[in-house]
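Since the structure comes first, as structure tokens, the remarks are kept for the end.
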Amino acid sequence: MPNHVWQKSTYSPDASNCVYIAAAPADVIRLRESDAPNTILTTTPAGLRHLIDTLKSRSPTEM
């Protein structure tokens, strides 16, 4: 696996159930979850922005 600089989400306060993000070349964003660190999702900054906006617009009961 390439060496990425992973940053933990500020909304993940403990060591488990954390979401990590890493920037990559050519406007690529990588996401992973602490329980499955070898599973990496790839998106664009616009895709990540859309995901965050969608999640913010929903109530906790809709998730």
Side-chain angles (χ1 to χ4, degrees):
M1 180 182 333
N3 238 357
H4 299 297
V5 178
W6 293 99
Q7 179 181 344
K8 184 174 76 162
S9 168
T10 58
Y11 291 100
S12 300
D14 57 9
S16 62
N17 300 320
C18 297
V19 175
Y20 290 85
I21 187 169
D27 289 332
V28 173
I29 303 291
R30 292 193 167 95
L31 301 165
R32 73 177 187 188
E33 203 269 331
S34 60
D35 289 342
N38 292 324
T39 302
I40 299 172
L41 302 175
T42 303
T43 189
T44 63
L48 179 59
R49 189 171 23 257
H50 179 72
L51 173 65
I52 291 169
D53 289 345
T54 300
L55 293 172
K56 283 182 174 182
S57 71
R58 296 184 180 193
S59 70
T61 59
E62 291 179 297
M63 292 187 221

**Report entry** Least distance between heavy atoms, Ala22 atom then His4 atom
**Finding:** CB-CB, 3.8 Å
Query - Cluster check Leu41, Val5: I/L/V/M/F/W/Y, side chain < 4.5 angstrom - result: no
Report summary line: Looking only at heavy atoms, the pair that brings Asp27 and Pro45 closest together is O-CD, 3.2 Å
**Report entry** Partner set under side-chain contact (heavy atoms from CB on, under 4.5 Å) for Ala46, not counting sequence neighbours
**Finding:** Thr44, Arg49
Query raised in the report: Within a radius of less than 6.0 Å around CG of Asp53, do more than 12 heavy atoms belonging to other residues, nucleotides or ligands occur?
Result: yes
Report task. Only one of Ile21, Leu48, Ile40 passes side-chain contact (heavy atoms from CB on, under 4.5 Å) with Arg30; say which it is. Result -> Ile40
Report summary line: dist Glu33:CD -> Asn38:CG (nearest 0.5 Å) comes out at 12.5 Å
